[in-house]
Structure formats: C-alpha cells, structure tokens
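Model, not experiment: these values are computed from the prediction. Index from 1, following the sequence.
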Amino acid sequence: MRKPLSDAFIILLRLEGLAVAAVMIAAYFKLHDGWGLLALLILAPDLSMAGYAFGPRVGAVSYNIVHSYIFAAGIAALGFIWPVLFPIACIWTAHIGLDRALGYGLKSVTAFNETHLGPIGRRR
C-alpha cells in the first residue's frame, strides 16, 4: 500500500496549483481580451468525466489524460502553428491548476474520490 502524502506536501501541491491558475489567467488576459472565451471553456475539461459512463477505469484514464499538464502543454505547442490555441491552453491549464488547488487531483482507477492528492472531501 502506498504511504499517504504528508499534510505539508499536499498544501504545497495545492498552492502550486493555485499559482499555476493565477499565472495562466493573467497570461490569458495578456493574450486575449474579455471573459467570454474564459467563461465558455473554463469547465470544458470536466467533460472528460463522461468516461465514467463506461466504468471507473475508462473514466479515470479519460479524466487523467485531460487533466494532466502534458495535454495542456500540447495545446500550447500547437499554438505556435495556430496562435488561436494559446488562450485555450491558458484556460485549460488554469482549470487544472484550480482543480489541484481545490484538491481534485488525478483520479485512481479504483474510485473517483481517490486522487494523487488524497481522498476528495475528507481530511486524513
């Protein structure tokens, strides 16, 4: 069994998520004017939870792919070819940072509420 992360480490990871979200929202407004696109797309990554309709393993995989910084970095990399993608990458990364700040980490295939940041909604 995996040893749980210390409370101090979890706080550090949550603060890291908050910092990422703040920087990405600032970058978004530097690249793009207005709240419209941000409001439209800020929750879009959560559509990946639809994978849970096909079971916890498929759900966890689909959620984790979309909620990894690697996916958002891929969108940003494509922004060098299609600059319209840079603001979308900022929104996507901000969403991931906000999730991490709130304790919604990458999901375990065993249960939705088990994440790399510990259980959702419960204090250890």
> Should F71 and Y69 be counted in the same cluster of Ile, Leu, Val, Met, Phe, Trp and Tyr side chains packed under 4.5 Å apart?
Replying inline: yes
> Which atom pair, heavy atoms only, marks the closest approach of A72 to A89?
Replying inline: O-CB, 3.9 Å
> Under a 4.5 Å cut-off applied to non-hydrogen side-chain atoms, are H32 and L38 in contact?
Replying inline: no
> So which heavy atom on A101 is nearest to which on L18, and how close?
Replying inline: CB-N, 3.7 Å
> Hydrophobic clusters join Ile, Leu, Val, Met, Phe, Trp and Tyr when side-chain heavy atoms are under 4.5 Å apart, directly or via other members; which others share one with V58?
Replying inline: F54
> Atom CD1 in I91, atom CG in L40: separation rounded to 0.5 Å?
Replying inline: 8.0 Å
>> Quick check: closest heavy atoms across A21 and G97, and the distance to 0.1 Å?
In response: CB-C, 4.0 Å
> Do L106 and I70 share a hydrophobic cluster, counting only Ile, Leu, Val, Met, Phe, Trp and Tyr and linking them when any side-chain heavy atoms are less than 4.5 Å apart?
Replying inline: no
> For L31 and C90, which heavy atoms make the closest approach, and how far apart are they?
Replying inline: CD1-SG, 3.8 Å
>> Treating N64 as the side-chain partner and K107 as the backbone partner, does any N or O pair qualify as donor plus acceptor under 3.5 Å?
In response: yes
>> Do D99 and Y63 have side chains that approach each other closer than 4.5 Å (heavy atoms only, starting at C-beta)?
In response: yes
> Between F80 and F86, how do the two ring planes meet: parallel, tilted or perpendicular, split at 30° and 60°?
Replying inline: perpendicular
> Just wondering, are more than 12 heavy atoms of other shown residues or ligands nearer than 6.0 Å to CZ in F9?
Replying inline: no
>> Walk me through whether F29 and W35 qualify under side-chain contact (heavy atoms from CB on, under 4.5 Å).
In response: CA-CA 9 Å; F29 282 110; W35 288 93; 3.7 Å; yes
> So, S62 side chain and S48 main chain: donor-acceptor pair closer than 3.5 Å or not?
Replying inline: yes
> Roughly how far, to the nearest 0.5 Å, is CZ of R100 from NE2 of H95?
Replying inline: 9.5 Å
>> Taking Y52 as the starting point, is it possible to reach V109 by hopping between hydrophobic residues whose side chains are less than 4.5 Å apart?
In response: no
> From L15 CG over to I10 CD1, what is the distance, rounded to the nearest 0.5 angstrom?
Replying inline: 12.0 Å
>> Quick one: does any side-chain atom of H67 pair with a main-chain N or O of I96 as donor and acceptor, under 3.5 Å?
In response: no
>> When you group the ILVMFWY residues by side-chain heavy-atom contacts below 4.5 Å and let the links chain together, are L98 and M49 in the same group?
In response: no
> Same hydrophobic cluster for L37 and V23, using side-chain heavy-atom links shorter than 4.5 Å among ILVMFWY?
Replying inline: yes
> Okay, side chain of W92, backbone of A44: is any donor-acceptor separation there less than 3.5 Å?
Replying inline: no
> Counting only N and O atoms by type, is there a donor-acceptor contact under 3.5 Å from the side chain of R14 to the main-chain atoms of L102?
Replying inline: yes
